[in-house]
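Worksheet: the structure to be examined is printed underneath.
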Amino acid sequence: MLYLKNAQPVKDIDVLDRAFHYGDGCFTTARIRRNRIELADRHLARLRMSQQKLSLQADLDLIEKSLQALLRSEAELNGTLKIVLSRGIGQRGYSLPEHPADLWVFYYPKTVQDFSYEQIQAGVLQQAIGLSMPNLVGLKTLNRLEQVLLKQEADLHGWPEALVTDVQGTIVEGVSSNCFIRINNTWITPELRYNGVFGVMRAEILQRMQDQGIICQQRDVEMDEIPHIDSLFFCNALSPMKIATQFEQRALNVDACIELFNRLRLNQMPY
């Protein structure tokens, strides 16, 4: 792993950084292939939205400068990038410091293959997430304690992913993914009105479905609809489709997901 702060190499993180004290910031995780970030426009758009809602003033041009700095020590960038915006160093208390936010880039090198689909087993978790403050809905903030606890429960079941509900009994997403559900031959993705993350892959899939004339409802999905799910997949920036072959010990229709994967050409992602 290599990491940079404001496009400069550093050895330590300051103990007064508000990312550590309050989770004061946001992040995005992206695939990088042959020096180029896949779904770059969508990642940047979400970072800009997060900046505006969190009143973070960071220079996003530092992302490209960070890539150029990494290329001075790496022949080619392939793998995963985590881009973090932190409020930066501050004194004790919640009041905002006046200086610009810091932009961190973490690079995890790995051989990157073409996107493909995965097949997994999944279920519904017992733990529920709360309702978010309206300004935080959809953002990928640095506070991920809910996901840490949810991942622990999913791991106990041996599920790589699982459906997560909120305290109102509405399906929201997966632990670290968004979800698409098929009921009565119609695709549905939760609306994310009160919680959840506006995933870049979710947005890309919705756009491609619209372009192909495939109906996908964005609405609340209630707990009593779970027995009627006939197909289910999860998606995030690192994986366009994790298909649930079995859900709560019940076999699901995998072919519908594979057909959608091929029709939407999810093995190909823009830069």
Side-chain angles (χ1 to χ4, degrees), residues 29-31 33 38-39 42 80 110-126 129 147 150-165 170-192 196-223 225-270:
T29 304
R31 281 209 339 169
R33 185 176 186 184
E38 294 179 330
L39 298 175
R42 295 195 184 278
T80 302
K110 182 180 179 181
T111 301
V112 177
Q113 305 294 331
D114 288 339
F115 273 125
S116 186
Y117 56 80
E118 304 173 54
Q119 298 189 25
I120 64 171
Q121 296 185 5
V124 182
L125 298 182
Q126 294 299 309
I129 64 174
Q147 284 65 41
L150 293 169
K151 183 59 175 173
Q152 179 188 39
E153 183 182 344
D155 286 346
L156 289 173
H157 287 284
W159 296 332
E161 257 298 0
L163 286 181
V164 176
T165 61
T170 302
I171 293 173
V172 179
E173 56 192 2
V175 177
S176 56
S177 310
N178 293 116
C179 63
F180 285 77
I181 297 163
R182 199 178 76 147
I183 298 175
N184 295 328
N185 297 318
T186 300
W187 286 105
I188 306 162
T189 190
E191 190 175 1
L192 307 182
V197 172
F198 296 156
V200 296
M201 188 63 74
R202 174 180 180 268
E204 182 71 16
I205 290 173
L206 283 170
Q207 182 62 60
R208 294 188 186 199
M209 293 177 88
Q210 181 178 332
D211 293 344
Q212 290 282 333
I214 300 171
I215 294 173
C216 183
Q217 299 177 359
Q218 295 185 57
R219 65 170 178 83
D220 291 342
V221 182
E222 307 298 337
M223 288 284 287
E225 296 182 83
I226 288 177
H228 303 292
I229 295 174
D230 58 62
S231 294
L232 163 67
F233 71 88
F234 301 91
C235 66
N236 62 30
L238 304 183
S239 176
M241 190 174 283
K242 292 182 179 179
I243 303 170
T245 58
Q246 284 194 318
F247 181 73
E248 302 270 311
Q249 306 301 316
R250 179 167 61 90
L252 296 184
N253 181 343
V254 174
D255 291 341
C257 296
I258 296 175
E259 179 185 354
L260 183 67
F261 181 93
N262 292 329
R263 184 171 174 183
L264 299 182
R265 298 181 179 179
L266 295 181
N267 62 322
Q268 303 174 22
M269 288 294 148

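Only a predicted model underlies this, so the values are computations on that prediction, with no experimental measurement involved.
To the nearest 0.5 Å, the span separating OG1 on Thr189 from CD1 on Ile205 amounts to 8.5 Å. Atom CD of Glu153 is separated from atom CG of Leu125 by 4.5 Å, given to the nearest 0.5 angstrom. Considering CD1 of Ile243 and SG of Cys235, their distance stands at 12.0 Å, rounded to 0.5 Å. Remark: Asn267 CG to Met241 CE distance equals 11.0 Å, nearest 0.5 Å.
Remark: the Arg202 side chain and the Gln218 side chain contain an N/O donor-acceptor pair separated by less than 3.5 Å.
By the ring pair (Phe, Tyr, Trp, His ring centres under 6.0 Å) test, Tyr117 is found to be paired with Phe261, residues two or more places apart in sequence or in another chain being considered. Partners of Glu191 under the salt bridge (charged side-chain N to carboxylate O under 4.0 Å, His left out) rule, at least two apart in sequence or in another chain, are Arg193. Residues that satisfy the salt bridge (charged side-chain N to carboxylate O under 4.0 Å, His left out) test with Asp211, not counting sequence neighbours, are absent from this structure. Residues meeting the side chain to side chain contact (heavy atoms under 4.5 Å, CB included) test with Gln246, sequence neighbours left out: Gln121. With sequence neighbours left out, the salt bridge (charged side-chain N to carboxylate O under 4.0 Å, His left out) criterion links Glu225 to Arg219. Under the rule for a ring pair (Phe, Tyr, Trp, His ring centres under 6.0 Å), the partners of His157 that lie at least two apart in sequence or sit in another chain are Trp159. Legend: residues meeting side-chain hydrogen bond (donor to acceptor under 3.5 Å, both in side chains) with Asn185, ordered by chain and number and at least two apart, are absent. A search for side chain to side chain contact (heavy atoms under 4.5 Å, CB included) contacts involving Pro270 returns Leu39, Glu204, Arg208, not counting sequence neighbours. Looking at residues two or more places apart in sequence or on another chain, you find no ring pair (Phe, Tyr, Trp, His ring centres under 6.0 Å) involving Phe115.
For Leu156, the CG atom sits in a packed shell: over 12 heavy atoms of surrounding residues, nucleotides or ligands are nearer than 6.0 Å. Heavy-atom neighbours of Gln268 CD from other residues, nucleotides or ligands within 6.0 Å: above the threshold of 12.
At distances below 3.5 Å, at least one donor-acceptor pair connects side-chain atoms of Arg263 with backbone N or O atoms of Gln212.
Nearest heavy-atom pair, Phe233 versus Cys257, reported as atom, atom and distance to 0.1 Å: CD2-SG, 4.1 Å. Nearest heavy-atom pair across Pro240 and Met269 is CB-CE, 4.4 Å. Here the closest heavy-atom approach between residue Ile215 and residue Met209 is recorded as O-CE, 4.4 Å.
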All N/O donor-acceptor pairs, side-chain side in residues 170-183, below 3.5 Å, sequence neighbours left out:
unit_1: Thr170; atom_1: OG1; unit_2: Glu222; atom_2: OE1; d: 3.4
unit_1: Glu173; atom_1: OE1; unit_2: Val197; atom_2: N; d: 3.1
unit_1: Ser176; atom_1: OG; unit_2: Glu161; atom_2: OE2; d: 3.2
unit_1: Ser177; atom_1: OG; unit_2: Glu161; atom_2: OE2; d: 2.9
unit_1: Ser177; atom_1: OG; unit_2: Asn236; atom_2: ND2; d: 3.4
unit_1: Asn178; atom_1: OD1; unit_2: Gly199; atom_2: N; d: 3.2
unit_1: Asn178; atom_1: ND2; unit_2: Val197; atom_2: O; d: 3.0
unit_1: Arg182; atom_1: NE; unit_2: Asp230; atom_2: OD1; d: 2.8
unit_1: Arg182; atom_1: NH2; unit_2: Asp230; atom_2: OD1; d: 3.3

Do any side-chain atoms of residues 248-255 form donor-acceptor pairs under 3.5 angstrom with protein atoms, and if so which ones, sequence neighbours left out?
unit_1: Glu248; atom_1: OE2; unit_2: Val124; atom_2: N; d: 2.7
unit_1: Arg250; atom_1: NH1; unit_2: Ile229; atom_2: O; d: 2.8
unit_1: Arg250; atom_1: NH2; unit_2: Ile226; atom_2: O; d: 3.3
unit_1: Arg250; atom_1: NH2; unit_2: Ile229; atom_2: O; d: 3.1
unit_1: Asn253; atom_1: OD1; unit_2: Asp255; atom_2: N; d: 3.0
unit_1: Asn253; atom_1: OD1; unit_2: Ala256; atom_2: N; d: 3.1

Practice problem: List the steps and the verdict of side chain to side chain contact (heavy atoms under 4.5 Å, CB included) for His228 and Asn184. | Solution: CA-CA 8 Å; His228 303 292; Asn184 295 328; 5.6 Å; no

Practice problem: Begin from the C-alpha positions of Ser239 and Glu118 and carry the test side-chain hydrogen bond (donor to acceptor under 3.5 Å, both in side chains) through to its verdict. | Solution: CA-CA 8 Å; Ser239 176; Glu118 304 173 54; 3.1 Å; yes

Exercise. Report the C-alpha distance between Arg33 and Asp114 in whole Å, list the side-chain angles of each, state the deciding distance to 0.1 Å, and finish with yes or no for side chain to side chain contact (heavy atoms under 4.5 Å, CB included).
Key: CA-CA 10 Å; Arg33 185 176 186 184; Asp114 288 339; 2.8 Å; yes

Exercise. Take Leu232 and Leu163, measure what side chain to side chain contact (heavy atoms under 4.5 Å, CB included) needs, and give me the verdict at the end.
Key: CA-CA 10 Å; Leu232 163 67; Leu163 286 181; 4.0 Å; yes

Quiz prompt | side chain to side chain contact (heavy atoms under 4.5 Å, CB included) between Thr245 and Ile120, worked out | solution = CA-CA 6 Å; Thr245 58; Ile120 64 171; over 6 Å; no

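Sorted by first and then second residue, the ring pair (Phe, Tyr, Trp, His ring centres under 6.0 Å) pairs involving residues 234-256 (not counting sequence neighbours) form an empty list.
Side-chain contact between Gln210 and Leu206: absent, with no pair of heavy atoms (C-beta onward) separated by less than 4.5 Å.
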